[in-house]
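The next block holds one structure in the form of structure tokens; read it before the comments.
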Amino acid sequence: MSIPVFNAFLAATNASALVNIVDLVGNGWTLSNPSLNISVPAQLPSHVHLDLLSNQVIGDPYYGLNNFNLRWVAWNNWTYTSDPIQDLTHDWDSTWLVFNGLDTFASIAFCGEHIANTDNQFRQYYFDVSEIVQDCAPWDRIITLNFGSAPVIANEIASKSNQTWPPGVQQVYEFPNRWFIRKEQSDFGWDWGPAFAPAGPWQPARLIQLNAGNIYVHNSIIDVHRQGQMNLLPPEQDKPWVINVSMDLLGMPPANISMRYKLADLANTTTMACGQLEGLNVSGKAITGLTTISQDIVELWWPVNMGPQTLYHLTVDVVSATNVTLATITKRIGFRTIVLNELPISATQLAQGIAPGNNWHFEINGQEFYAKGSNFIPPDAFWPRVTEVKVRQLFDSVVAGNQNMLRIWASGAYSPDFLYDLADEMGILLWSEFEFGDALYPVDQDFLENVRREAEYQVRRINHHPSLALWAGGNELENLELVLVNNSAPDKLPRYMAEYEKLFLETLSPVVFGNTKSIGYTPSSTSNGWLSLNFSNPNPITERYFNRTAGSIYGETDFYNYDPSALYNDDAYPVGRFSNEFGFHSMPSIQSWRQQISENDLHFNSTMVMLRNQHPPPGGLNSSDTATSSIGQGQMTRAVQAWFPTPNKTNSAANFSAWCHATQLYQAELYVSEIQFYRRGSGLPNRQLGSLYWQLEDIWVAPTWASVEYDGRWKVVHYAVKHSYEPVIIAPHYNRTSGDLSVWVTSDLWESVSGSIHLSWYDWTGKKYKSASTSRNFEVGAINSTRIFQSLVDGFPATDLNNLVMKMEVEAEGRLPNNKTTQKFWHDNWFHPTSLSKASLVDPGLQLQYCSTTKNFTVIARTGIAAFVWLDYPAGPVLNFDSNGFWLAPNEPREVSYTVISDTTGGQWVHGVTVQSLWNLTLAD
């Protein structure tokens with residue numbers, strides 16, 4: 001077998017002289033299906049589709065309608081067979097076969113003997129094959145992994161199950177019955193992605209050989225928390241730190257072992273603390289110990305823009321009575337507390353004007369903060385090709401976009417360690433979820449035990465990362481599924497609520513609370529939060545459900561409204577303590593479309609484009625019906641027609657590109673409108689402290705809610721959200737019925753800031769109404785908002801509201817959290833009282849220049865107001881401008897810098913950059 005560097009790391013962490021590790025990662029595998037006469041070289045880790053693609057048996061699964069054409073792959077069974085394994089010897093007492101992930105239904109054989117069957121993509125499996133190895137000749141040491149078709153098996157399980165649910169509750173996307181199996185739920189389709197239902201050994205695997213008294217650590221957990229800390233409750237910040245370590249073992253440790261630790265800085269040049277772990281507990285499967293660390297010897301870890309991301313190396317040795325190191329783990333940790341505060345609103349908060357009910361916000365190191373971010377979906381339909389480079393690029397976009405939190409959405413797959421490592425380094429908080437969503441699930445004992453083992457493995461694997469912010473049971477379980485039950489079969493609600501609690505309260509929460517004190521748990525995103533906590537019960541959480549009090553505010557919200565009248569309509573947006581999902585779909589750019597469909601299909605409503613639109617969900621496997629997808633296309637069309645000039649260009653490709661861009665403009669405006677609404681809520685009675693839009697990235701090229709396209713190109717909305725997530729912003733609040741306009745300044749800084757605002761009224765030619773313009777000073781409190789202007793729009797000099805726009809600017813001084821240096825903050829915004837489809841637009845006379853010295857672009861509008869100035873670049877590179885999609889008043893140049901992510905043009909792309917504005921949508925050419 002191929003032995004990569006990864007094997008050396010494993011050996012180093014498990015006392016290499018005492019263990020023989022044979023890595024199964026590499027190219028020494030064959031993929032076959034005799035009935036299809038297919039046998040090709042294969043990889044581990046991999047998926048069947050990827051190995052068929054690399055051997056040219058199939059084309060790119062993402063191209064055209066291959067998501068339909070390649071369904072035969074998912075309907076078939078496939079076998080992975082290893083080359084003979086050469087590195088095993090007979091002079092070891094035990095041999096173990098360890099798989100970190102098999103997707104999903106695998107029959108495992110070794111040396112021609114059946115070992116086991118697996119049925120969970122998310123579990124780590126390990127098997128004792130000691131006796132088999134002893135009797136197996138070297139040429140017969142072959143592993144076979146027979147993978148059954150997940151859609152076929154899901155249907156078989158469903159046909160034999162007596163588990164039922166009311167009609168309309170279970171959300172079907174393409175392949176049915178996903179909820180019966182423990183596989184990535186979005187593999188069966190979702191409204192933003194394809195349904196490939198892949199199979200294969202998607203995670204690394206290895207063989208482990210041990211002698212008696214030796215051990216191998218196959219998983220471990222490090223829990224860093226404040227002394228006395230309890231889940232879901234804010235801890236005391238002056239208490240010392242407790243480090244609890246537990247290692248999961250293969251092999252039986254000898255008697256009288258100890259655990260030795262060393263805490264060092266990231267460079268391993270300074271030892272902060274060392275010694276023996278106390279309270280040692282040894283069982284046949286695990287070793288556990290803990291120590292207490294003074295808070296004075298370590299620095300805190302903070303999210304991005306709230307302080308430094310201080311990390312340490314913790315090394316723990318398992319040592320025998322004769323001072324032999326039996327095993328070692330080294331993990332990178334941080335010292336922080338992160339709490340989801342759902343406590344009742346206190347008397348002090350009530351006195352501050354906060355509405356009664358319960359809190360629902362996060363606190364980092366005892367400090368509440370405003371969570372700004374988005375939702376993270378699987379970056380690819382095939383996880384083996386999700387690389388660290390790909391995730392780093394996405395996380396760079398998160399940080400550059402002024403975001404500090406990602407919700408790692410349920411119903412994908414549990415994220416790899418390198419993803420959390422990157423988040424630790426970059427200061428991105430990761431709200432993580434168990435893989436359940438938009439369905440209710442079986443509650444038979446076998447299913448629950450399978451889930452419990454899955455959760456145990458994942459919680460212990462991930463817990464040491466300081467970026468981990470929360471565990472949630474799943475996606476839209478309480479606010480969608482239980483509400484659907486209540487609507488369709490209210491008499492059966494108690495039954496299904498009890499089944500929901502059996503899985504998400506009685507099975508999952510004990511796993512979280514039993515393994516960690518540092519992380520909270522909520523059974524569902526979204527929910528009304530808990531009604532009460534009682535830590536004397538095995539499950540301390542009693543959910544609120546429908547037990548709400550009039551006038552009180554509880555929990556988080558999500559919001560989707562595909563009526564274009566929702567834009568700028570604050571009355572349509574939900575009032576809550578936190579918003580974890582909101583959005584609207586848009587088309588990707590023509591540059592991205594050209595990567596995955598043919599030139600002939602570049603039409604807004606071509607069959608190809610429509611069949612790649614999964615919204616609303618097709619609800620089955622029909623691969624030719626465009627009736628459902630036409631609904632989603634129609635929603636985007638009506639949104640553009642209601643709010644923007646309707647593209648009607650003579651060139652077909654140009655018209656398609658203009659329509660794609662116009663849908664992105666609507667999406668951007670809706671997200672900005674909602675973010676401004678939610679952030680303004682930080683200073684209102686609902687005390688709103690978080691907004692996470694749906695969604696960060698694309699899984700392929702299609703109409704979706706993403707702000708970053710599949711290759712990394714930013715949509716208009718990512719630039720718009722970046723601007724709206726600045727620390728201090730200015731935003732309008734307009735009642736279109738009464739004509740009442742107010743302007744608000746919002747700050748998420750932890751100290752009060754002061755400064756000035758400037759309001760300037762123009763017509764579209766750039767004529768400024770000086771008598772209506774105003775400037776004034778303001779002060780806004782910590783994580784707060786304040787109204788600094790209010791008037792009736794009809795009172796302004798322009799008689800034609802279609803020819804009236806207002807520029808808002810705020811200049812402020814303040815300090816970022818944990819930063820002693822005062823700095824200036826600037827933000828601008830534009831307001832138009834009527835739809836831009838009716839606006840009296842003029843040609844703004846845009847000019848674009850590139851400076852070879854500064855390597856920046858400069859844009860200027862010469863003859864009018866330029867709305868949504870857009871710098872576009874040709875296919876080939878991927879880059880981010882520091883700002884884009886902005887507005888310009890006449891003769892106010894904007895210099896734009898950029899960051900190149902990748903480039904296949906040798907820098908020649910700069911000569912292909914173009915500039916346009918909203919005006920260009922009115923042009924025929």
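Hydrogens, waters and symmetry mates play no part in the numbers below; they use all other heavy atoms, side chains included.
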Between Val98 and Gln124, is any pair of side-chain heavy atoms under 4.5 Å apart? yes

Quick one: sort the Phe122 and Trp202 rings into parallel, tilted or perpendicular, breaks at 30° and 60°. perpendicular

Assess, by modelled atom type and distance only, whether the side chains of Tyr414 and Glu454 contain a donor and an acceptor separated by less than 3.5 Å. yes

Between Tyr441 and Tyr500, does the ring pair (Phe, Tyr, Trp, His ring centres under 6.0 Å) criterion hold? Intermediate values first, please. CA-CA 8 Å; Tyr441 287 82; Tyr500 163 84; over 10 Å; no

Do the side chains of Lys183 and Glu435 get close enough for a salt bridge, i.e. N-O under 4.0 angstrom? no

For His465, all residues meeting side-chain hydrogen bond (donor to acceptor under 3.5 Å, both in side chains), sequence neighbours excluded: Asp417, Asp424

Report the residue from Trp471, Tyr521, Phe436 that forms a ring-ring contact (aromatic ring centres under 6.0 Å, His included) with Phe504. Phe436

Check: Phe105 ring centre within less than 6.0 Å of Phe147 ring centre: no

I need the Ile338 CD1 to Leu468 CG distance, nearest 0.5 Å. 9.0 Å

Considering residues at least two apart in sequence or located in another chain, which fulfil the ring pair (Phe, Tyr, Trp, His ring centres under 6.0 Å) criterion with Phe578? Trp360, Phe362, Trp431

Can Ser374 and Gln403 be said to form a side chain to side chain donor-acceptor pair (under 3.5 Å), step by step? CA-CA 8 Å; Ser374 53; Gln403 301 181 37; 2.7 Å; yes

Residues which pass salt bridge (Lys or Arg N to Asp or Glu O under 4.0 Å) with Arg687, listed by chain and number, not counting sequence neighbours: Glu368

Is there a side-chain contact between Ile377 and Trp192 in this structure, where contact means two heavy atoms from C-beta onward sitting under 4.5 Å apart? yes

Could you verify whether a donor N or O on one side chain and an acceptor N or O on the other, from Asn100 and Arg123, lie under 3.5 Å apart? no

Identify, with sequence neighbours excluded, every residue that meets side-chain hydrogen bond (donor to acceptor under 3.5 Å, both in side chains) alongside Asp191. none

Only one of Val224, Asn463, Thr337 passes side chain to side chain contact (heavy atoms under 4.5 Å, CB included) with Ser518, and that residue is Asn463

Holding to side-chain hydrogen bond (donor to acceptor under 3.5 Å, both in side chains), I want the full list of residues that pass it with His225, two or more places apart in sequence or in another chain. none

Using only heavy-atom distances, determine whether the side chains of Glu476 and Thr526 contain a donor-acceptor pair under 3.5 Å. no

Using the ring pair (Phe, Tyr, Trp, His ring centres under 6.0 Å) criterion, which residues pair with Phe447? Sequence neighbours excluded. none

Ring centers of Trp301, Phe335 separated by less than 6.0 Å: no

Is the closest side-chain donor-acceptor distance between Thr557 and Tyr678 under 3.5 Å? no

Once rounded to the nearest 0.5 Å, what's the spacing between atom OH of Tyr554 and atom CG of Asn547? 9.0 Å

If we only count heavy atoms from C-beta on, is the Asn479 to Ser525 side-chain gap below 4.5 Å? no

Arg460 and Ser246: side-chain donor and acceptor closer than 3.5 Å? yes

Would you tell me whether Ser509 and Asn539 have side-chain atoms, one donor and one acceptor, within less than 3.5 Å of each other? yes

Sequence neighbours left out, what pairs pass side-chain hydrogen bond (donor to acceptor under 3.5 Å, both in side chains) with at least one residue falling in residues 485-495? Arg495-Glu499

Gln614: side-chain hydrogen bond (donor to acceptor under 3.5 Å, both in side chains) partners, not counting sequence neighbours: none

If every non-hydrogen atom of Ala455 is compared with every non-hydrogen atom of Leu508, which pair is closest and at what distance? CB-CD2, 3.6 Å

Under the salt bridge (Lys or Arg N to Asp or Glu O under 4.0 Å) rule, collect the residues that match up with Glu174, sequence neighbours excluded. Arg71

Can you confirm whether Lys331 is buried at NZ, in the sense that more than 12 heavy atoms of other residues, nucleotides or ligands lie under 6.0 Å from that atom? yes

With distance as the sole criterion, is a donor-acceptor pair present between the side chains of Glu481 and Tyr496 under 3.5 Å? no

Listed by chain and number, what are the ring pair (Phe, Tyr, Trp, His ring centres under 6.0 Å) partners of Tyr126, not counting sequence neighbours? His218

From the list Phe175, Tyr173, Phe180, ring-ring contact (aromatic ring centres under 6.0 Å, His included) partner of Phe188 resolves to Phe175

Any salt bridge (Lys or Arg N to Asp or Glu O under 4.0 Å) pairs touching residues 529-558, not counting sequence neighbours? none

Compare all side-chain heavy atoms of Pro378 with those of Ser186 and state whether any distance is below 4.5 angstrom. yes

Using salt bridge (Lys or Arg N to Asp or Glu O under 4.0 Å) as the criterion, list what pairs up with Asp421, not counting sequence neighbours. Arg332

With side chains defined as the heavy atoms from C-beta onward, is the minimum distance between Tyr545 and Val483 less than 4.5 Å? no

Looking at His47, Gln203, Glu184, which hits side chain to side chain donor-acceptor pair (under 3.5 Å) with Trp383? Glu184

Under the side chain to side chain donor-acceptor pair (under 3.5 Å) rule, what do Asn120 and Arg453 come out as? Steps first, then yes or no, please. CA-CA 10 Å; Asn120 190 321; Arg453 294 189 179 189; over 6 Å; no

I'd like to know if the side chain of Asn375 reaches the main chain of Tyr693, judged simply by a donor and an acceptor atom lying under 3.5 Å from each other, with no hydrogens or angles considered. yes

Close side-chain approach of Pro303 to Ile428, heavy-atom, < 4.5 Å: no

Between Asp223 and Asn515, is there a side-chain donor-acceptor contact under 3.5 Å, judged purely by atom types and distance? no

Rounded to the nearest 0.5 Å, the CG atom of Asn358 sits from the OG1 atom of Thr549 at a distance of 9.5 Å

Could you pull out the closest heavy-atom pair between Arg182 and Thr104, with the gap in Å? O-CG2, 3.7 Å

Test item: Asn359 and Arg577 side chains (from C-beta on) under 4.5 Å apart, heavy atoms: no

